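Chain naming here is simple, since letters A, B, ... match the order of the sequence lines and numbering starts at 1 in each. Everything numeric here is computed off the predicted structure, so don't read it as measured data.
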Amino acid sequence: MLPLSLNTLGIYVSVPFCRSKCTYCNFASGVHSPALYQQYADRLCGEIAGLRRRAAEWGVEVPERVDSLYLGGGTPSLLPPHLLLQLGRALRGEFDVLKTAEITLECAPGQLPDQTLEAMLEIGVNRMSFGVQSFVDREAAATGRLHTRAIAVSDLRRVRRAGVRRVNVDLIAGLPYQTAASWQESLNTLMETEADHASVYMLEIDEDSRLGREMLAGGARYHAAAAPNEEQTADFYVSAVAQLERMGLRQYEISNFARVGSESRHNSKYWRRQPYLGFGVDAHSFLQRVAAGALRLTSAPSLDEYLAGAEGARELAELTPEEELEEAWFLGLRLRQGVRWSWLAERYGGGPAEASSGLAGPWRGRAPALQPFLPVVVELRRLGLLACQGDVVRLTQRGILLSNEVFARFLGVAAGAAAGVA
Amino acid sequence: MDSKHIRNFAIIAHIDHGKSTLSDRLLELTGSVTLREMHDQVLDDMDLERERGITIKAHAVRMNYHADDGEVYQLNLIDTPGHVDFSYEVSRALASCEGALLVVDASQGVEAQTLANAYLAINHGLDMVPVINKIDLPSADVLRTQEMIESTVGIDATDALPVSAKTGLGVEAVLEAVVKRLPPPTGNPEAPLQALIFDSWFDSYRGVIVLVRVMHGRLRKGMKIRLMSNGHVFDVDSLGVLTPKPVEIAELSAGEVGFFSATIKNVGDTKIGDTVTEDSRPAPAALPGFEDIKPMVFAGMYTVDSHEHTLLRDALEKLRLNDSSFFFEPESSVALGFGFRCGFLGLLHMEIIQERLEREFSLDLITTAPGVRYRITLTDGSVVEVDNPSRWPDVSGIEKIEEPVITATILTNEEYVGGILKLVEEKRGRQKNFEYATPTRVMLTYELPLNEIVLDFYDRLKTVSRGYASLDYQLAGSWESPMVKLDILVSGEPVDALSIIVHRDFAYERGRALVSKMRELIPRQMFEVAIQAAIGAKIVARETVSALRKNVLAKCYGGDISRKRKLLEKQKEGKKRMKRIGKVDIPQEAFLALLKLGDDPAK
């Protein structure tokens, strides 16, 4: 049997449909004909029903009990009520969804009909995540969002009235036309909505989105020329961290903020390496195995391929013990609580070390696999990117802003050491 | 063959004036190759030659031509390298010929490179047939081109042949002219053997292949030969000609051109310009004009990953098998570790070697800024030659410094003269001559320090003339100059591999420009990085690369950890391609920042 903490499951259902494609979007979602919705839902239900058979093929034990369900996208609220109900039935038919489970649905402001809201409540949704990105109309419009501040605020009020007490709002720092003042306006509005959770991202500038490509190319389409620079974006983020904290939304992960007790259970599973299953387009699963390496699975990356292909995962990667340990570092450090040497030692330590290991702390003599990470941590602490307090290692504020630099240093450390031994 | 029926000739032309196309047509007309073979065999061999459109190695092709007089002639076309870096090779190839075709683009006119090689040919006593190419172009001006050939090269161009190598128009006449207007070789087949080496390369099956022109005597299979410069003796085990396919023959006699192999292992033994003679019946003297070619441009070469140092050594040794004109010796740098000091014929030669190392041997290289070799007289009267800034003697011990100087010939259109004059003045040039070659074409002759040429001179010249200037140069002694060593400090630490030698009067400006270029090239790090230029203990310029502010992957889309890992690995990989000096990651191109100063439009 797996340890109890790993014996509950998170489930992610990907719904890749949107009414319009936002310029900053680098996800596998897009605008598709509603005629495909039924076909997609059928496909999902088939995948859910066939899961246990495939899991046996992969050699994994899938936990029975589900304590988190997440319908993400895309815009899952675009699914008509009967399809939401169909999905709910399929999931509950296959898994033991706990009464206390966190069930989240992502939604775009202005795209939530009353019937959909009702169907949602019927399948047990108790948490909603709104992709607002900006409460400033000009900024929202410039990136292709279809809502205004008024619509967003009214939808947030509406779902709360309908009984959904846990609400998340996504904001992006670094959108075209954003200024310190307009950013402040978004933050203030966020506070007024009394959301208990916020995700604040800094705009990702990469080749995978239209806006990102334009910015990299130095062009002006998609209002790219009006985007704030890296310094300003970092300033926006830093000011958000401070203000949200003051207003009771405490940072618990690089991009996530919540009232105490309102942290998203689902997202935490990613960082804590707890098992989750993903269904649908470009969905990802992580499953533990007894006495073998954990598995990461990825499904078809586009809707066409998903609908055309055979059911199940396309890519299946078995993690080596070294990769598991490196992941534990770069995922665990994303959390404000940081990483505990003792905890890593217990889970990934690799058996008793020699007495002369020279390592300090309560995990002395128990974790040869951790040894190669000590110089990495020491160097990053010297650079002011990591803070160490007793057993705990965590990112400093500067370390958060430079977290990729930090994480990259943890890659290849365990693997390199293992190769050196061999 | 009776030497009256032999013609040995070269084609002299500027890049893009149609040398390759004309050679292809001649081969086609003489039936030497089919069209299909043409692409694979006839064009320049190396990928690099093809891409850059420059012939780097000499070639020789034998054609049989049935002339209008009813006789069959043996025509040997000797191809010459097309870049000033290889002017010695050109001179040896020309020494193997009795005549040359002077090919000039009918709309572009005579360029500096053509002029230099034409003069070289005249000095070697070659007869020349002017060929005016590309007459099919609307901008062609045959008369003006004729006049320009007469006024610049100084040969009679009344009988110049108008052709279009592209369409084939007039090409037959070229072959007739080679037979009728160029002289046959003279040479005594019964005299002791004298054969001129004009190229050689390493073949992994047969050892070194040597291209020769037999001046006197006969070269036979099985003959014991002697190389006159070093006295080494070898047995000829095969002999042949390129048609362009290699065809074995039993004998090459006076006047003929061909190749031989003789179990020679080291291409360095077969120096271009050397004389091959028979060991048992040696010629009384070697052929004139032999020079031991010396590298003119020097740079350090290092691998980014210092563990690959031995791979670099192996690669350099392999390349040297085929190119004895570059030189290397181990050196070490505090910043870059173990590497090699390399000497090249010129900047193009350096780029070619560098590119071949990266391409053919998959090495990630750091090349330091190219420089020249200085002759320094010390206060104790002794003299040292220094080509590596890190070996620069202490200022207090220097009596005088001499730097190599070249004579440059620049041909350009009148309207660009102003810009070019400004450039050559800035590059410390001294005017030798200024004349109008035609009413609109100007020929400038300048003396310039070689050190200024190896930096960004070509690119700058191209920019100021919008490509309408051509340059040729030759070594012309040395000047005494007050040179100083300029050091670059990164985060307060001097980086030896970044030091350069500059003229004292330009040191401040160069230092400022260099440091500001480095600031652009060094990516932001996790801390502020100071870049300084210093002469001795004196800081002359400073720039700061501000600390990196953010590098965050915010989202975790549906728990896609593999993508995150890949992105992190990509970033890490990018860092690996940089050289870490102290705590600072410096990209490869920063070591060549000096070459990029001219890119800056503000300058």
Side-chain angles (χ1 to χ4, degrees), chain A residues 10 12-14 26-28 70 72-73 172-173 199-204 206 230-231 233-235 237 253-255 266-267 269-271 273 276 278 280 282-286 296 298 315 317 323 326-327 330-331 334 380 383-385 398 400-412, chain B residues 304-308 364 490-493 519-530 543-587 599-601:
Chain A
Y12 179 86
V13 179
S14 153
N26 54 6
F27 293 168
Y70 196 103
I172 298 180
S199 298
V200 177
Y201 305 111
M202 281 177 276
L203 181 67
E204 279 181 19
D206 60 27
E230 185 183 303
E231 294 291 330
T233 303
D235 287 343
Y237 171 81
E253 192 265 346
I254 293 179
S255 316
H266 191 81
N267 283 341
K269 286 182 188 287
Y270 300 154
W271 320 129
R273 306 187 75 248
Y276 52 88
D282 199 22
H284 304 271
S285 305
F286 173 71
R296 288 203 178 277
T298 304
E315 265 178 58
E323 286 169 334
E326 288 169 11
E327 277 189 3
F330 77 76
L331 295 173
R334 295 188 67 95
L380 290 166
L383 288 169
L385 301 173
R398 198 159 161 261
I400 289 175
L401 280 167
L402 296 172
S403 49
N404 278 352
E405 303 279 338
V406 174
F407 301 156
R409 301 277 178 107
F410 283 90
L411 294 189
Chain B
V304 175
D305 179 350
S306 44
H307 300 298
E308 287 184 345
D364 254 349
V490 176
S491 287
E493 293 294 316
R519 188 181 62 92
E520 282 171 40
L521 294 172
I522 295 180
R524 296 168 82 185
Q525 320 262 320
M526 283 190 278
F527 36 81
E528 190 177 279
V529 177
E543 294 268 358
T544 307
V545 179
S546 59
L548 180 64
R549 184 73 197 282
K550 78 172 180 63
N551 180 6
V552 189
L553 264 183
K555 279 174 217 182
C556 174
Y557 174 52
D560 186 358
I561 305 305
S562 308
R563 174 170 179 256
K564 268 203 152 54
R565 190 185 182 102
K566 273 181 206 136
L567 287 167
L568 291 172
E569 272 165 358
K570 206 168 130 197
Q571 285 202 358
K572 195 163 181 158
E573 211 42 52
K575 285 240 168 67
K576 261 200 209 147
R577 288 183 55 89
M578 293 194 252
K579 191 80 194 179
R580 174 164 285 200
I581 291 177
K583 291 187 302 174
V584 184
D585 292 316
I586 303 182
D599 300 352
D600 194 349

Original post:
Which of the residues D206(A), L331(A), N26(A), V200(A) is involved in the greatest number of heavy-atom pairs with chain B at under 4.5 angstrom?
Top reply: L331(A)
Original post:
With no hydrogens and no angle check, is any side-chain donor or acceptor of Y270(A) less than 3.5 Å from a backbone partner on I561(B)?
Top reply: no
**OP:** Check N404(A), L401(A), I400(A), D235(A) against K550(B) for a side-chain contact (heavy atoms from CB on, under 4.5 Å) and give me the one that passes.
**Re:** L401(A)
Subject >> Crowding at CZ, R577(B) (>12 non-hydrogen neighbours, <6.0 Å) >> reply: no
Subject >> Contacting region of Q571(B) [heavy-atom separation from chain A under 4.5 Å] >> reply: side chain
Rounded to the nearest 0.5 Å, how far apart are [atom1] of [X] and [atom2] of [Y]?
{"X": "L402(A)", "Y": "Q525(B)", "atom1": "CG", "atom2": "CD", "result": "11.5 Å"}
{"X": "L568(B)", "Y": "F410(A)", "atom1": "CG", "atom2": "CZ", "result": "11.5 Å"}
{"X": "F286(A)", "Y": "D560(B)", "atom1": "CZ", "atom2": "CG", "result": "13.0 Å"}

May I ask you to say whether [X] pairs ionically with [Y], meaning some side-chain N is under 4.0 Å from a carboxylate O?
{"X": "R563(B)", "Y": "E315(A)", "value": "no"}
{"X": "R549(B)", "Y": "E230(A)", "value": "no"}
{"X": "K575(B)", "Y": "E405(A)", "value": "yes"}

Original post:
Would E326(A) and K572(B) count as a salt bridge (Lys or Arg N to Asp or Glu O under 4.0 Å) if you check the C-alpha gap in whole Å, the side-chain angles of each, and the deciding distance to 0.1 Å?
Top reply: CA-CA 14 Å; E326(A) 288 169 11; K572(B) 195 163 181 158; over 6 Å; no
Original post:
E323(A) and R565(B): side-chain contact (heavy atoms from CB on, under 4.5 Å), yes or no, with the steps?
Top reply: CA-CA 10 Å; E323(A) 286 169 334; R565(B) 190 185 182 102; 3.8 Å; yes
Contact origin within [X] toward chain B - heavy atom pairs under 4.5 Å:
{"X": "Y70(A)", "answer": "neither"}
{"X": "A283(A)", "answer": "neither"}
{"X": "L411(A)", "answer": "both"}
{"X": "R398(A)", "answer": "side chain"}

Original post:
What closest approach, in Å, do R296(A) and S562(B) show between heavy atoms, and which atom pair accounts for it?
Top reply: CD-OG, 3.8 Å
